[in-house]
Amino acid sequence: MLKGRKYLFIFLTGLFIFFIVTFTGCGKQKDNGQTSPVSGTLTIVGSTAMQPLVEEAAVKFQTKNPQAQIVVQGGGSGTGLTQVVQGAADIGNSDIEAHEKEGIDASQLTGTKICVVGIAVVTNPNLKVKNLSKKQLKDIFTGKVTNWKEIGGPGQKVVLINRPKGSGTRITFKKFALDGAEEAKGMESDSSGVARQIISKTPGAVGYLALPYVNDTVNTLSIDGYAPTKVNITSGTYPVWAYQYMYTKGRPTGLKKTFLDYMLSTEVQATIVPDLGYIPITAMKVTRDK
Amino acid sequence: MTKSSFSFKTDSWLAKRKKYHEIGGKALAFSCAAVVIILTLALVYFISTKGLATFFINKVSFNEFFLSTQWWPDRPPINGGPKVGALPFIIGSLAVSMLAVLVSAPLSILVAVFMVEIAPVWGQRILQPAIELLAGIPSVVYGYVGLILLVPFIRDYIGGNGFSILAGFLVLAVMILPTIISVSTDSLRSQPRQWKEAAFALGSTHWQVIRLVLLPAARSGIITGIVLGLARAFGEALAVQMVIGNTRKIPTSILDPAMTLTSAITMDMGYTTTGSLWNNALWTMSLVLLGFSFFFILTIKIVSKRG
């Protein structure tokens, strides 16, 4: 009985060592392969608004280049920028420019504009509000209006669903939809997906989502009569949109450069980008400088 | 390997070998203990230096951090920022954990009495494994169940929008049940049989024995269990974060959403850069958590010494 246990222990230890050796072996191989641009590992962290696009592109990229391993994580734009500066991530995704975030040494980073994303105001599907003027929107998000009845809706309390302060979606929304006005305190949810889930289930809830996250579980609003459609965004009549950046520390090299080039290739820009609800930069008729 | 293979060795050799084993064993145990002590001290030192930087490097006053409700760590100085008032989070943490204990403690103590005194066999066989199972469920599962069942239930039948302190402390109350129950059970079981028998001999009923002899005798163990439960509730992050609604305001009713210290840290930690005021303020919150757990442990020590 005891002997049997001993053998089992030795067997398990052997198995453990075997796995460690195998995996570290793998790790080494990848390190060696970093000189070749289509193999190695990449860690991409940041904006949850951009996450579906980068995930989809990473899957396609890895099918074409089985030697490459790309890990895509969310966390928010602030996280993306912080981690790429600290060297914890290879590429940081962000909806905001690096110099807009305090405490980030933007001179270390090189940003590549990948595409544009629109941000929509969404409410609980049972709330039959279709349009808000910019003033009404500001009143709601700054806490002046606390009941939908005050702006002609049903007698229902307004429940604000915010994103945390480091979220690029929140920063963009505050800048272009609220013209910089300070938001009232509301519930915070740490990712776009969770925010949508809460909005879709909570009566009277209102929040903002990047367009790729918008689906029929939530009710999408127009601002000043303009719906967040591709036509309205590219012509500039719908104001709430953001450039999507991918940041690297220094100039992109090796696999980072290969992957960034792939993100800008027609393969991604003409299929994945529009399919998921993003807008290619080339389609924009208006530009924003800085 | 076996004893026989050493039989030809001399006695002195065996004695020497025994001595070396003795020294080796002691050294091993000592070094392991040292590692744990050094680790604890290093952690306390690290969290303290980081946490105190808010006050001594960023010059935030104690009053602002502990008594202000203004949390604007990213607001530029032109607009009157940055401000790092953590009072809403401290209140949120205290409120949910205290309320959780208030719900959980009476329930747990009665369950412990049931298991030890009223139905020892049945309790041992069915209740014990059930409670161990409860202790083994990961906190994310508690949070998820709370999010899917409890939050809509509160919204539809009690009021508010569901995400609330009520949801938070109910989830916590279930989570800390096993801690309080198992410590209380052990304490009740370890009471001398004679006391119980003496009480019976004096003509007490079973309930009187439990209420007047067993529970007072087991008091220190039960309090230890409650404080341990409180400590666990105070430190829990994930499950509470999923149901409490994460709003940076002081709650005025149990149906209001709130935010705890732990969820304030996890919400923001990714966005901040090392060395910034925002980052240091998060470390100060960690220090506050650490301070509370010191306080809890101290309470347990004092109670068990007196008990």
Side-chain angles (χ1 to χ4, degrees), chain A residues 3 6 45-46 48 73-86 88-89 92 94 96 100-105 124 143 156-168 170-171 174 180-191 194-195 197-199 201-205, chain B residues 1-2 69-77 79-84 88 143-144 147-148 151-152 154-156 159-164 237-238 241-251 255-259 263-280 282:
Chain A
K3 219 164 199 177
K6 203 171 206 171
V45 178
T48 53
Q73 292 168 15
S77 301
T79 310
L81 290 171
T82 311
Q83 304 239 318
V84 78
V85 168
Q86 290 173 349
S94 176
I96 53 170
E100 287 183 79
K101 176 155 169 63
E102 240 178 280
I104 289 282
D105 183 9
N124 185 268
Q156 174 85 256
K157 242 182 105 181
V158 173
V159 180
L160 289 184
I161 311 292
N162 269 326
R163 297 284 314 284
K165 292 214 161 110
S167 154
R170 175 163 174 170
I171 292 167
K174 183 176 170 181
E182 193 77 68
E183 307 100 319
K185 289 166 182 171
M187 276 204 242
E188 283 175 26
S189 54
D190 52 6
S191 81
V194 175
Q197 154 89 7
I198 294 176
I199 293 167
K201 294 274 153 42
T202 310
Chain B
M1 263 324 237
T2 54
T69 59
Q70 301 299 315
W71 177 260
W72 306 107
D74 55 342
R75 193 186 264 184
N79 302 335
K83 290 245 187 289
V84 287
Y144 200 35
L147 183 68
I148 300 301
V151 169
I154 292 172
R155 181 167 60 226
D156 296 341
N161 57 47
F163 293 95
S164 56
L238 196 60
Q241 188 182 338
M242 289 167 84
V243 299
I244 200 172
N246 300 312
T247 303
R248 297 171 195 270
K249 264 198 271 195
I250 293 180
L255 294 177
D256 276 356
M259 202 175 213
S263 62
I265 295 172
T266 52
M267 274 279 180
D268 284 0
M269 64 182 177
Y271 301 129
T272 62
T273 38
T274 318
S276 64
L277 167 65
W278 196 347
N279 189 272
N280 288 342
L282 297 186

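The model shown is predicted, which means the values in this text are computed figures rather than measured ones. By convention in this document, chain letters (A, B, ...) are assigned in the order of the sequence lines, proteins followed by strands, and residues within each chain are numbered from 1.
Atom NZ of B:Lys249 is surrounded by 12 or fewer heavy atoms from other residues, nucleotides or ligands within 6.0 Å.
When the salt bridge (Lys or Arg N to Asp or Glu O under 4.0 Å) test is applied to A:Lys201, no partner is found at least two apart in sequence or on another chain. Annotation: side-chain hydrogen bond (donor to acceptor under 3.5 Å, both in side chains) contacts of A:Glu183 (sequence neighbours excluded): A:Arg170.
B:Arg248 touches chain A through backbone and side chain together, each having a heavy atom under 4.5 Å away. Residue A:Glu182 touches chain B through its side chain alone, counting heavy-atom pairs closer than 4.5 Å. At a 4.5 Å heavy-atom cutoff, B:Met242 makes no contact with chain A through either its backbone or its side chain. Heavy-atom distances place the side chain of B:Trp278, and not its backbone, under 4.5 Å from chain A.
Comparing A:Ser77, A:Gly204, A:Pro164 by how many heavy-atom pairs each has under 4.5 Å with chain B, the most go to A:Pro164.
A pairwise comparison of heavy atoms in A:Lys165 and B:Pro73 identifies NZ-CD, 4.2 Å as the closest pair. The heavy-atom pair separating B:Asn161 from A:Met187 by the smallest distance is OD1-CE, 3.5 Å.
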inquiry  = Is there a side chain to side chain contact (heavy atoms under 4.5 Å, CB included) between B:Phe163 and A:Val159? Walk through the geometry before answering.
reply    = CA-CA 11 Å; B:Phe163 293 95; A:Val159 180; over 6 Å; no
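A:Asn162 CG to B:Thr247 OG1: the interatomic distance, rounded to the nearest 0.5 Å, is 9.0 Å.
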